[in-house]
Amino acid sequence: LAEGTEHDRLLAAITRQTDGAVVREQSIRTGQMQSVDGLAASGPVRRREVSVDMTGSFEAVFGVLDAAEGVDQLVTPRTLEIVVLHGPIEQASQGNPAVRATMTFDEWFEAPRAADAKEGKR
């Protein structure tokens, strides 16, 4: 688990530059931080939902999944939907097949300890 949101590693890892070919578009939205009790023996944890919508090559989409897996922080994929944008004839004529992907990840953080919260530390 990451210690506090200032150590968030997921967003930097999954953000891709839009180039119009390999990555045509990408948007990332983060949800509110939520406390989750009863998951860790060491105390409560916090969870934040991260949603990714992108259009690009299958390799670019898989690269986002691979990057999320490689982050040195607990990240769990919750949903993944990939839709092919064109049929095989259109893909062959255009040469650069594209897919539309929607992904949702949960990223997990250690909750601030009660003593740290009283002192104003995070």
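Quick caveat, the model's predicted, so the values are computed rather than measured. All values below come from the heavy atoms of this structure, side chains included, with hydrogens, waters and symmetry mates left out.
- Inter-residue side-chain proximity for Asp106 and Val75 is flagged as unmet; no heavy-atom pair is nearer than 4.5 Å.
- Salt-bridge formation is not detected for the pair Asp19/Arg24: no Lys NZ or Arg NE/NH1/NH2 atom is positioned less than 4.0 Å from an Asp or Glu carboxylate oxygen.
- Considering only heavy atoms from C-beta on, Ile28 comes within 4.5 Å of Ile14 through its side chain.
- With sequence neighbours excluded, no residue forms a salt bridge (Lys or Arg N to Asp or Glu O under 4.0 Å) with Glu59.
- Put simply, the side chain of Val23 does not reach to within 4.5 Å of the side chain of Gln17, judged on heavy atoms.
- Taking all atoms of both residues into account, the shortest heavy-atom contact from Trp108 to Val36 is CZ3-CG2, 4.1 Å.
- Contact detail for Ala67 and Ala13: the closest heavy-atom pair is CB-O, 3.4 Å.
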**Report entry** Check against side-chain contact (heavy atoms from CB on, under 4.5 Å), Met103 and Leu65
**Finding:** CA-CA 9 Å; Met103 299 169 261; Leu65 292 170; 3.7 Å; yes
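- For the side-chain contact (heavy atoms from CB on, under 4.5 Å) with Ser27, the lone residue among Val52, Asp53, Thr18 that qualifies is Asp53.
- The shortest side-chain heavy-atom distance between Thr15 and Gln26 falls under the 4.5 Å cut-off.
- Residues Phe109 and Met33 are in side-chain contact: their nearest non-hydrogen atoms beyond the backbone lie under 4.5 Å apart.
- At least one side-chain heavy atom of Val64 sits under 4.5 Å from a side-chain heavy atom of Met54.
- No hydrogens or angles considered: nothing links the side chains of Arg48 and Thr30 as a donor-acceptor pair under 3.5 Å.
- Distance check: Ile82 CD1 to Leu80 CG gives 4.5 Å after rounding to the nearest 0.5 Å.
- Thr55 is listed as a side-chain neighbour of Leu85, based on a closest heavy-atom distance under 4.5 Å.
- The side-chain heavy atoms of Glu49 and Gln32, taken from C-beta on, include no pair separated by under 4.5 Å.
- Closest approach of Phe105 and Ala68 over heavy atoms only: CE2-CB, 3.6 Å.
- With respect to Glu107 and Arg9, no salt bridge is recorded, no charged nitrogen being found less than 4.0 Å from a carboxylate O.
- Listed by chain and residue number, nothing satisfies the salt bridge (Lys or Arg N to Asp or Glu O under 4.0 Å) test with Arg16 (two or more places apart in sequence, or in another chain).
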